[in-house]
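One structure below.
The sequence lines fix the lettering, A, B, ..., with proteins before strands; numbering per chain opens at 1. FYI, side chains are in, hydrogens and waters are out, and symmetry mates aren't considered; it's all heavy atoms of this structure.
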2 protein chains.
Amino acid sequence: MKADTPRIEEYLESIYKLQQDEHPVSTSRLAEHLKLSAPSVSEMTKKLAQKKLVNHTEKGICLTQEGNRIAKKVIRRHRLSERLLTDILGFRWDEVHDEACRLEHAISPEMEKHIEESLGNPKTCPHGFPIPDENGVIVKEKLRPLSELKARDKGIIVSVFEEDPKMLQYLASLGLIPEVCVKVEEVAPFGGPLIVCVSGSRYALGREVASKIKVK
Amino acid sequence: MKADTPRIEEYLESIYKLQQDEHPVSTSRLAEHLKLSAPSVSEMTKKLAQKKLVNHTEKGICLTQEGNRIAKKVIRRHRLSERLLTDILGFRWDEVHDEACRLEHAISPEMEKHIEESLGNPKTCPHGFPIPDENGVIVKEKLRPLSELKARDKGIIVSVFEEDPKMLQYLASLGLIPEVCVKVEEVAPFGGPLIVCVSGSRYALGREVASKIKVK
DNA sequence: CCGTTTTATTAGGCACACCTAACTCTATAT
DNA sequence: ATATAGAGTTAGGTGTGCCTAATAAAACGG
Ligand SMILES: [Mn+2]
Ligand SMILES: [Mn+2]
Ligand SMILES: [Mn+2]
Ligand SMILES: [Mn+2]
């Protein structure tokens, strides 16, 4: 019954992430996210369905309860790895994604526990996303994208949904990282940029990027 | 030219280790060490020879210069991983081998550097074996197996060549770990046990085990 | 010296995870 | 209404890394 390869973990993790904004996930989006051909994903999806890890209907792909459970375990290992990399090994937050994506498949339950304890039971990854607990429970906060704030609204950055290192580095250079307080000064009309104020400085920020920054 | 899979790394690492006491390594020993069938190893050896990573003659298998270079890089990552596991993540020395054997294939050159620096440039793994530097240079000391000491000889334990967790735990419980001073009180004749004195206590130790403990 | 054991290889096959090319079906646009 | 674009699958194929069964060659013991 123990039928879990690194690749299966990778698929489940991707489906989980994509499910956040597209509930039944489409084959094509999944293929794009995994950087694989559509037929490869189509085939693997069939195997995942056989193993009862996903339901595959005309609407798209959904994780089953079991698939969800495994996905959250992988995400837990991914986010703990990221914290290990930044907090203990001195990586920057823009360098950790690819490293963690490899590490997450090489971490035993014992190591998971040891990392968690050594880090002092962190609640989030360096990008502000919650680390599922050992039972897969995720604490979810009600958040708003920065892009939806009105002029003069304030918020505290909780998470930054961005994997591109260049962009992450740029955001960090502006001080746009979790736990930081940000104020929207102006919102340009017609989908134009936001003028935001963060730790005393004023920056223009595109809507696209702003929508990836979640505040509370 | 970049043709390096985790399995190839594993083979090269095993060959390197076996070469320590059997110079051209035999297929059967390699198969035994890797816990694979002889034909699997025979086949892979052919591929390694094609890639110029080993020379395969009637005498057996030897690493080429390039094979040696890669093997040492893998061993470097293995031993750095072990140190990370014990020194930072709080594992015991008997728990780290299998973990490190997975981690060593998931560590980038950047991570290698970061681990090394975070650990304060350790010179050995928890079992006392030297960590090759970034250029693959290994500092080799002249060592004697504990089993070859005469009665009343003293030595400082440098390394313990043992992978079985049970045995490692046992040795640690006796205080037989690197950097510890050990004195041979008696040597029983006919290949019998040694009576050793370590940190004030006296223990009987089989020849077999004693030969895996290297002292200076 | 000959039979037995050990060692190594060949042959054939399988699971996994990927690919391209070709096809079907649906949504959309003119 | 028909042409086109997009999404998804089927078919056929590849490379990697493992297996068992059979075979060949070498080493050893009496
Ligand atoms: Mn991954
Ligand atoms: Mn993260
Ligand atoms: Mn390994
Ligand atoms: Mn070691």
Side-chain angles (χ1 to χ4, degrees), chain A residues 1-15 18-19 21-63 67 70-71 74 98 101-102 104-106, chain B residues 1-15 18-19 21-63 67 70-71 74 98 101-102 104-106:
Chain A
M1 280 293 159
K2 220 254 165 200
D4 240 41
T5 67
R7 295 313 295 160
I8 288 179
E9 291 185 346
E10 209 63 42
Y11 274 79
L12 296 178
E13 193 186 3
S14 283
I15 296 166
L18 293 175
Q19 273 191 355
D21 40 50
E22 177 193 15
H23 186 62
V25 175
S26 67
T27 307
S28 48
R29 294 273 290 248
L30 184 52
E32 185 189 24
H33 192 259
L34 288 165
K35 291 174 184 147
L36 296 173
S37 72
S40 299
V41 171
S42 197
E43 191 182 39
M44 180 62 105
T45 300
K46 227 181 296 172
K47 280 183 201 154
L48 294 178
Q50 255 173 27
K51 290 185 194 288
K52 301 263 161 73
L53 299 174
V54 302
N55 287 319
H56 195 186
T57 66
E58 323 77 49
K59 299 275 187 175
I61 304 158
C62 315
L63 292 176
I70 296 173
V74 179
D98 292 359
C101 187
R102 262 175 291 114
E104 68 195 3
H105 312 290
Chain B
M1 280 291 161
K2 219 259 164 195
D4 240 42
T5 68
R7 296 313 295 160
I8 288 179
E9 291 185 345
E10 208 65 40
Y11 274 78
L12 296 178
E13 193 185 4
S14 284
I15 295 166
L18 293 175
Q19 273 191 356
D21 40 51
E22 177 194 16
H23 185 62
V25 175
S26 67
T27 308
S28 50
R29 290 256 182 128
L30 183 52
E32 186 190 22
H33 192 259
L34 288 165
K35 292 175 184 145
L36 295 174
S37 73
S40 299
V41 172
S42 198
E43 191 183 41
M44 180 63 104
T45 299
K46 224 181 299 172
K47 280 182 202 156
L48 294 178
Q50 255 171 27
K51 290 185 195 286
K52 302 263 162 74
L53 299 173
V54 302
N55 287 317
H56 195 185
T57 68
E58 323 76 51
K59 298 276 186 173
I61 304 158
C62 315
L63 292 176
I70 296 173
V74 179
D98 291 0
C101 188
R102 262 174 293 114
E104 68 195 3
H105 311 292

Can you list, pair by pair, the side-chain donor-acceptor contacts under 3.5 Å of residues 40-49 of chain B, counting residues two or more places apart and other chains?
| residue | atom | partner | partner atom | Å |
| --- | --- | --- | --- | --- |
| B:Ser40 | OG | B:Ser37 | OG | 2.8 |
| B:Thr45 | OG1 | B:Val41 | O | 2.6 |

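B:Ser14 pairs by the side-chain hydrogen bond (donor to acceptor under 3.5 Å, both in side chains) definition with B:His33, not counting sequence neighbours. With sequence neighbours left out, the side-chain hydrogen bond (donor to acceptor under 3.5 Å, both in side chains) criterion links B:Glu22 to B:Ser26. Under the rule for a salt bridge (charged side-chain N to carboxylate O under 4.0 Å, His left out), B:Arg7 has no partner lying at least two apart in sequence or in another chain. Residues forming a salt bridge (charged side-chain N to carboxylate O under 4.0 Å, His left out) with B:Glu104 (at least two apart in sequence, or on another chain): none. For A:Glu10, the side-chain hydrogen bond (donor to acceptor under 3.5 Å, both in side chains) partners two or more places apart in sequence, or in a different chain, are A:His105. Applying the side-chain contact (heavy atoms from CB on, under 4.5 Å) rule to A:Lys52 yields no partners; only residues at least two apart in sequence or on another chain are considered.
Residues from residues 26-34 of chain B that place a heavy atom under 4.0 Å from any atom of DNA chain D: there are none. Near DNA chain C, defined here as any heavy-atom distance below 4.0 Å, the residues from residues 37-44 of chain B are B:Ala38, B:Pro39, B:Ser42, listed numerically.
Protein chain B contacts DNA chain D from D:dG17 to D:dA21, reading 5' to 3' and using non-hydrogen atoms of the protein with a distance under 4.0 Å.
Atoms NZ (A:Lys46) and C1' (C:dC18) sit 14 Å apart, rounded to a whole Å. The distance between atom CG of B:Leu18 and atom P of C:dT7, rounded to the nearest whole Å, is 14 Å. Taking atom CZ of residue A:Arg7 and atom C1' of nucleotide C:dA15, one finds them 16 Å apart after rounding to whole Å.
In this structure, the side chains of A:Leu36 and A:Tyr11 come closer than 4.5 Å at one or more pairs of heavy atoms. At a threshold of 4.5 Å between non-hydrogen side-chain atoms, the residues B:Thr27 and B:Glu32 do not count as touching.
Taking only side-chain nitrogens and oxygens, A:Tyr11 never comes nearer than 4.0 Å to OP1 or OP2 of C:dC16. When the side-chain nitrogen and oxygen atoms of A:Thr5 are compared with OP1 and OP2 of C:dA17, one or more of them lie within a distance under 4.0 Å.
B:His23 approaches B:Cys62 most closely through the heavy-atom pair NE2-SG, 4.1 Å.
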